[in-house]
Number of protein chains: 2
Amino acid sequence: MRVKEVADLVGISVRTLHHYDEIGLLVPDQVTESGYRIYSDENLATLQQILFFKELGFPLKKIKEIIQSPSFDQYEALQLHREILIKKRDQLNQMIHTVEKTILHLKGEIEMANEERFEGFDFRKNPYEEEARKRWGDQTVDRSNEVIRNMSKEEQKAFAQSFDAIYRNLASLRHLPPDSEKAQAAIKEWYELLNKINYYSLEMFKALGQIYVDDQRFTKNIDQYGEGLAQFMCEAMAVFADQPKK
Amino acid sequence: MRVKEVADLVGISVRTLHHYDEIGLLVPDQVTESGYRIYSDENLATLQQILFFKELGFPLKKIKEIIQSPSFDQYEALQLHREILIKKRDQLNQMIHTVEKTILHLKGEIEMANEERFEGFDFRKNPYEEEARKRWGDQTVDRSNEVIRNMSKEEQKAFAQSFDAIYRNLASLRHLPPDSEKAQAAIKEWYELLNKINYYSLEMFKALGQIYVDDQRFTKNIDQYGEGLAQFMCEAMAVFADQPKK
DNA sequence: CATAAAGTATCACGTTACGTTAGAGTCAAA
DNA sequence: TTTGACTCTAACGTAACGTGATACTTTATG
């Protein structure tokens, strides 16, 4: 299928398909000698996933990460889609209820507080991002794991020891406030060590801390060094990332 | 209520509130001497409307037009909100069904065509725009009516006569194809006459033609000159607006 | 086969709706 | 009084296309 056919079938623009190709989000399986994009059935299946995540409010960059994640599984994604759609339907029922209450309020039949006006309406940041991260991990983490996998045994051992040392140090500091000098010094070491493996911006670093508590696998692993360490690190990493810029 | 309180209550950013004030979409009822915005309960009610239309995919510019339309009525808007929410809920049920079918397809239990993958998903342009236009009219039309109302009686009479003449001419041409030379010449006159009253871009002109058939009031009025004239004009105006640019 | 219209490509500026950062002023609580 | 939170304006940046232009390709028809 060429661009117009796909665009018409799906209800998006040709420009959108061009754009998705450009950014590597949906690359057609084939391109003719004259440069025409040919989309396969597989491309269409992927497009469905893309459009669904987009509908849920995910930025394209994030969608790309998700569907290209090693652990991404189409079947699992569809299960999530179904769950979320059901959740949204329930939310819609709540919204209908709120609007109905507002109508009654306008007719003077009931009282209504300002808070009630917005019940069921959720304008905050994409609430489904957490869900996706839990299922498909974080690309930065995945890349780090990849880098470590490609290290020599000696290098791996050296890093493992550094990891161990820092975890132990942090475990011994976890009774301190996350923003204390000692905690922050240890976190700085942690930040620098991670940046030896793979580039982490402060923002990524902070998000990683959040993953430590959100993802049971990380929490379990880290809390071996001391109960509550994952939570402590999460907070300390946020402080570190949020410190005033120099 | 000041910006942070409103932002936290509703789940939007302070920046958004600033932006809405800047573009005149939501202007706080009060501003302190130090320049602080103070939002009233009435402002919150308007914000609810704004956020709802925004959730439905309306551009802010359009939302502004709607809520500032002379015929905008909050009660009516809430009724529409309720209708649309119910529609969306039904659509969600369809989407759930489609996803479930996709899951079965993936498990090899059923066959599925490409078209079926996207059933219930609607990625086209805002489908609720028509609904809103029907209820709250078109700002350009409203402004034209306003201009005419402020004309002297002589001017009004002169324009009425010009309107009449063009309608009659077009009525006599409606058996021709909308893109015929004669039809297009008459439509050009119509375009120029309207632009004497109020500025119409080609895009607006085309949208106005659509209003002639969508809005019963216009259809009735125009079809007095000849059955099907509104439809004919709609098509001819679209041709005129879409003609190659010179 | 020739032609015209529809389809397709790339390029690049424009649009919309904020997000983000910076620097300065204001408010409220301790 | 001090400090931290809040608020303001200004302005650049970002994401995701929309739009218009120009040139090449494909398809259907006479």
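Quick caveat: nothing in here was measured; it's all calculated off a predicted structure. Order of the sequence lines fixes the chain letters, A, B, ..., with proteins taken first and strands second; residue numbering starts at 1 for each chain. All values below were derived from every heavy atom in this structure, side-chain atoms included, with hydrogens, water molecules and symmetry-related copies excluded.
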Can you tell me the distance, in whole Å, between the [atom1] atom of [X] and the [atom2] atom of [N]?
X: A:L26; N: D:dC17; atom1: CG; atom2: P; answer: 12 Å
X: B:D21; N: D:dT7; atom1: CG; atom2: P; answer: 14 Å
X: B:E22; N: C:dA17; atom1: CD; atom2: P; answer: 13 Å
X: B:Y39; N: D:dT7; atom1: OH; atom2: P; answer: 10 Å
X: B:E5; N: C:dC27; atom1: CD; atom2: C1'; answer: 14 Å
X: B:I38; N: D:dC8; atom1: CD1; atom2: C1'; answer: 13 Å
X: B:M1; N: D:dT7; atom1: CE; atom2: P; answer: 11 Å
X: B:L17; N: C:dA17; atom1: CG; atom2: P; answer: 15 Å

Query raised in the report: Do the side chain of A:Q184 and the main chain of A:A236 share a donor and acceptor less than 3.5 angstrom apart?
Result: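 Answer holds: yes.
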Query raised in the report: Do any N or O atoms from the side chain of B:N43 and from the backbone of B:D29 form a donor-acceptor pair under 3.5 angstrom?
Result: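 It does hold such a pair.
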Shorter than 3.5 Å, N or O on both sides, protein versus nucleotides 23-26 of chain C: list them out with atom names.
from: C:dG25; atom 1: N2; to: B:Y36; atom 2: OH; distance (Å): 2.9
from: C:dT26; atom 1: O4'; to: B:Y36; atom 2: OH; distance (Å): 3.4
from: C:dT26; atom 1: O3'; to: B:S34; atom 2: OG; distance (Å): 3.2
from: C:dT26; atom 1: O2; to: B:Y36; atom 2: OH; distance (Å): 3.4

Distance check: side-chain N/O of [X] vs OP1/OP2 of [N], anything under 4.0 Å?
X: B:S13; N: C:dT20; value: no
X: B:H18; N: D:dC8; value: yes
X: B:R2; N: D:dC6; value: no
X: A:R37; N: C:dT8; value: no

Just the table, please: protein N/O against nucleotides 12-16 of chain D N/O, every pair under 3.5 Å.
from: D:dA16; atom 1: OP1; to: A:L60; atom 2: N; distance (Å): 2.5

Query raised in the report: Mind checking whether A:W190 and A:Y212 have parallel, tilted or perpendicular rings, split at 30° and 60°?
Result: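 Geometry flag for A:Y212 against A:W190: tilted rings.
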**Report entry** Parallel, tilted or perpendicular, as decided by the 30° and 60° cut-offs, for the rings of B:F53 and B:H81
**Finding:**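 Perpendicular, since the angle between the ring planes exceeds 60°.
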Query raised in the report: After noting the C-alpha distance and the side-chain angles of A:L17 and A:V10, does the key distance pass the side chain to side chain contact (heavy atoms under 4.5 Å, CB included) rule?
Result: CA-CA 11 Å; A:L17 291 169; A:V10 174; over 6 Å; no
Query - Atom pair CG/CG of B:L9 and B:L44 - distance to nearest 0.5 Å - result: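 It comes to 6.5 Å.
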**Report entry** Modelled atom types, side-chain donor and acceptor of B:Q79 and B:E83, under 3.5 Å
**Finding:**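 The criterion, which ignores hydrogens and geometry beyond distance, is not satisfied for B:E83 and B:Q79.
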Requested in this report: Check every strand shown and say whether A:T32 touches a base, only sugar-phosphate, or nothing at a heavy-atom separation below 4.0 Å.
Outcome: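 Since no nucleic acid heavy atom lies under 4.0 Å of A:T32, the category is nothing.
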Report task. Could you list the residues that satisfy salt bridge (Lys or Arg N to Asp or Glu O under 4.0 Å) with A:R2, not counting sequence neighbours? Result ->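 A:R2 satisfies salt bridge (Lys or Arg N to Asp or Glu O under 4.0 Å) with no residue once adjacent residues are dropped.
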Query raised in the report: Is the A:H175 to A:F232 ring centre distance short of 6.0 Å?
Result: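 Not close enough - the centres of the two rings lie 6.0 Å or further apart.
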